[in-house]
Amino acid sequence: MRSMVRWEAAAVVTLGTILGLVIAMGTLVLLHLTSGSSYLRPAPQWWLFSLVAAGAAVATLATSALPARRAASVPGLEAARAE
């Protein structure tokens, strides 16, 4: 049960990080094109992407630990009967 919750959390953090970074970069490019500002130039530090992904993974692992532990402590038949 814990493994299933962790895999689900990993899938969510992976998709969320990828979509978030793509949307952020797209927004930055659109702002740069519409404003013409050199301050909004779409040239981020590439090491920031790995830092954001690592931070998201740590936060997701930390927040999924308690639900995984609680789900693992309930017997499967009891959980199915409660549904």
Side-chain angles (χ1 to χ4, degrees):
M1 186 60 77
R2 287 182 188 172
S3 175
M4 184 174 66
V5 172
R6 287 186 185 135
W7 277 108
E8 183 179 348
V12 168
V13 75
T14 301
L15 290 173
T17 301
I18 290 170
L19 287 174
L21 290 174
V22 167
I23 290 170
M25 286 301 296
T27 303
L28 187 61
V29 167
L30 286 175
L31 285 172
H32 174 68
L33 291 175
T34 57
S35 69
S37 172
S38 62
Y39 179 72
L40 295 173
R41 185 182 38 175
Q45 305 279 333
W46 290 105
W47 58 269
L48 282 175
F49 291 119
S50 59
L51 185 66
V52 167
V58 167
T60 302
L61 182 63
T63 58
S64 69
L66 182 60
R69 183 175 296 162
R70 292 183 83 194
S73 69
V74 176
L77 290 176
E78 277 187 40
R81 191 173 344 136
E83 287 285 318

Joint cluster assignment, Leu61 & Val58, ILVMFWY side-chain distance < 4.5 Å: no
Donor-acceptor under 3.5 Å (Thr60 side chain, Ala57 main chain): no
Backbone N/O of Trp47 and side chain of Ser50: donor-acceptor pair under 3.5 Å: yes
Nearest atoms (heavy-atom pairs only) where Ala56 meets Thr17: CB-OG1, 3.7 Å
Between CD1 on residue Ile18 and CD1 on residue Ile23, distance to nearest 0.5 Å: 12.0 Å
Reported OG1-to-CG distance for the pair Thr14 and Leu19, which is rounded to 0.5 angstrom: 10.5 Å
Residues that Trp46 engages under side chain to side chain donor-acceptor pair (under 3.5 Å), provided they are two or more places apart: none
side-chain contact (heavy atoms from CB on, under 4.5 Å) evaluation trace for Leu51 with Leu48: CA-CA 5 Å; Leu51 185 66; Leu48 282 175; 4.2 Å; yes
